[in-house]
There are 2 protein chains.
Amino acid sequence: MALSHAILVSLLDRPQSGYDLAKRFDQTVGYFWKARHQQIYLELHKLAKLGWVHSETVPQRARPNRIVYAITPHGQRALDEWLRLPTEPPNIKEELLIKLFALKPANLPLLLEETRRRLCAHRQRLAQYQQLMQQHYAQPAQLSLRRRGHYLGLRMGILIEQATLQWCEEALQLLMPADPSQSA
Amino acid sequence: MALSHAILVSLLDRPQSGYDLAKRFDQTVGYFWKARHQQIYLELHKLAKLGWVHSETVPQRARPNRIVYAITPHGQRALDEWLRLPTEPPNIKEELLIKLFALKPANLPLLLEETRRRLCAHRQRLAQYQQLMQQHYAQPAQLSLRRRGHYLGLRMGILIEQATLQWCEEALQLLMPADPSQSA
DNA sequence: GGCTCCATGTAAGTTGTTACATGATTCA
DNA sequence: TGAATCATGTAACAACTTACATGGAGCC
């Protein structure tokens, strides 16, 4: 049920088409919530049936028409009710951890390599997030309330990436065969 | 496809029934991968059909029979192939962040309260993880390779909880209305 | 008498993924 | 000439959740 609510929240900013939403989910929101365009279109149909959004077709020349959705007062109320529900801590679903549970000498090199690869990937992501942070949220205390919410999303992304990076480094330390030429 | 692999990995330790697996997924493994018993039974049936596990019925007096599953050589090979596939960084799916995207004065108190609640929940989890760590993994460098894998799972849990805790504290700081009687 | 544990499952529904489909426009 | 962008969708499948079902054993 949460993707539909994520869509509603995104529509609070401004009316958008499914295409717009999909692009946005690929960027900012997508750091912590992924959705493909197919799923978004399906949810929009459902939301329209529920009367939580209302759609308007915008004709275009030489392009498929855009169908732009806006949140309705009914949708607003539904959203407010949802906000009142308690949240569950998310679970991590980290495949690499499962793989490490199968650790044995034969696949140690493989898993070390994969951990190194992930380390690089997370470094890149972190750098990207930090750049966004500098560009858009340099002084969080001076932001509007709405934008503080956005800031906190990005901030969570940074903290999680940092934690993951540290984990990767520790894992490599722990699993790397000690090299005698390096010690002492 | 990852739950079936998580089950295979768990069966590496020893043959287990669906019931055993469900209990284990509620404990150690469950810190980063949840599964209900229904899902586990379904996956076991699938795995049996694929020939990746083989089952043996253990009759019991005055109790339902246990069906104990063990990994087969074929399952071993499938697992080794899966280990070779690259892993994706998991995505967070944190509902609270979506809710904060809908931040406005009217629901600020609500979201502050929820953040406080989550702060407590994560503190408790962290304490629990740290206790397990002390009990079972006091000296990680001296563990067997297999147990180092388990250690790293728990370690990830701790790092994520710490990051989340810090985030909660920062969020409260940022969103709490400044109380004039506290400043200066 | 009611609760939890043991132990397995079916059925229905929701959510999300992958594959497939269309078709003009713009850029290299 | 080929790829990417714009823009919407259907169909099949995989993964996961929720509800329901059974029934004895042991505990308080």
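The sequence lines fix the lettering, A, B, ..., with proteins before strands; numbering per chain opens at 1. No experiment lies behind these values; they were computed from the predicted model shown.
Interface limits on DNA chain C: the 5'-most and 3'-most nucleotides within less than 4.0 Å of chain A heavy atoms are C:dT15 to C:dT25.
Under the salt bridge (charged side-chain N to carboxylate O under 4.0 Å, His left out) criterion, B:Arg148 pairs with no residue at all, not counting sequence neighbours. Partners of B:Arg123 by salt bridge (charged side-chain N to carboxylate O under 4.0 Å, His left out), not counting sequence neighbours, listed by chain and number: B:Glu169. Shown here are the salt bridge (charged side-chain N to carboxylate O under 4.0 Å, His left out) partners of B:Arg77, two or more places apart in sequence or in another chain: there are none. Shown here are the salt bridge (charged side-chain N to carboxylate O under 4.0 Å, His left out) partners of A:Glu113, two or more places apart in sequence or in another chain: A:Arg116.
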Sequence neighbours left out, cut at 3.5 Å: what donor-acceptor pairs do the side chains of residues 41-65 of chain B make with other protein atoms?
residue, atom, partner, partner atom, Å
B:Glu43, OE2, B:Gln39, NE2, 3.2
B:Gln60, NE2, B:Pro64, O, 3.1
B:Asn65, OD1, B:Gln60, N, 3.3

Enumerate donor-acceptor pairs with a distance under 3.5 Å from any side-chain N or O in residues 94-102 of chain A to protein atoms, sequence neighbours excluded.
residue, atom, partner, partner atom, Å
A:Glu94, OE1, A:Arg118, NH2, 2.7
A:Glu94, OE2, A:Leu96, N, 3.2
A:Glu94, OE2, A:Arg118, NH1, 3.0
A:Glu94, OE2, A:Arg118, NH2, 3.4
A:Lys99, NZ, B:Trp82, O, 3.1
A:Lys99, NZ, B:Leu85, O, 2.7

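B:Ile7 and B:Val68 fall into different hydrophobic clusters, where Ile, Leu, Val, Met, Phe, Trp and Tyr side chains are chained together by heavy-atom contacts under 4.5 Å.
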Original post:
Please walk me through it: do A:Asp13 and A:Arg24 pass salt bridge (Lys or Arg N to Asp or Glu O under 4.0 Å)?
Top reply: CA-CA 12 Å; A:Asp13 267 350; A:Arg24 242 188 150 198; 2.7 Å; yes

**OP:** Evaluate the salt bridge (Lys or Arg N to Asp or Glu O under 4.0 Å) criterion for residues B:Arg117 and B:Glu114: first the C-alpha distance (whole Å), next the side-chain angles of each, then the deciding distance (0.1 Å), finally the verdict.
**Re:** CA-CA 5 Å; B:Arg117 208 184 57 79; B:Glu114 178 63 14; 2.9 Å; yes

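Annotation: the terminal axes of the helix from C:dG1-D:dC28 to C:dA28-D:dT1 meet at 40°, where each axis is the rotation carrying the C1' atoms of four end pairs onto the next four (5 pairs per end, rounded to 10°).
Among pairs with a residue in residues 117-148 of chain B, those fulfilling ring pair (Phe, Tyr, Trp, His ring centres under 6.0 Å) read B:Tyr31-B:Tyr129, at least two apart in sequence or across chains. Identified under the ring pair (Phe, Tyr, Trp, His ring centres under 6.0 Å) test for residues 9-28 of chain B, with sequence neighbours left out: none.
Closest heavy-atom contact between A:Ile158 and A:Met133: CD1-CE, 3.8 Å.
Within residues 38-54 of chain B, the residues approached by DNA chain C to less than 4.0 Å at the level of any non-hydrogen atom are B:Gln38, B:Tyr41, B:His45, in residue-number order.
A residue-by-residue look at A:Asn65 and B:Leu3 shows that A:Asn65 has its nearest nucleotide of DNA chain D further toward the 5' end.
For the residue pair B:Gln162 / B:Gln166, no side-chain donor-acceptor distance below 3.5 Å is found, with atom types taken as modelled.
Nucleic acid contact for A:Arg36: base, since at least one base atom lies under 4.0 Å from a heavy atom of the residue.
Atom pair B:His37:NE2 and D:dT17:P shows a separation of 12 Å (rounding to whole Å applied). For A:Ile98 and D:dA15, the CD1 to P distance is 13 Å, given to the nearest whole Å. In this entry the distance linking CD of A:Gln60 with P of D:dT5 reads 17 Å, nearest Å.
Within the 4.0 Å cut-off from OP1 or OP2 of D:dC16, at least one side-chain nitrogen or oxygen of A:Lys93 is found.
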What does the list of N/O pairs under 3.5 Å between the protein and nucleotides 24-28 of chain D look like, with a distance for each?
none

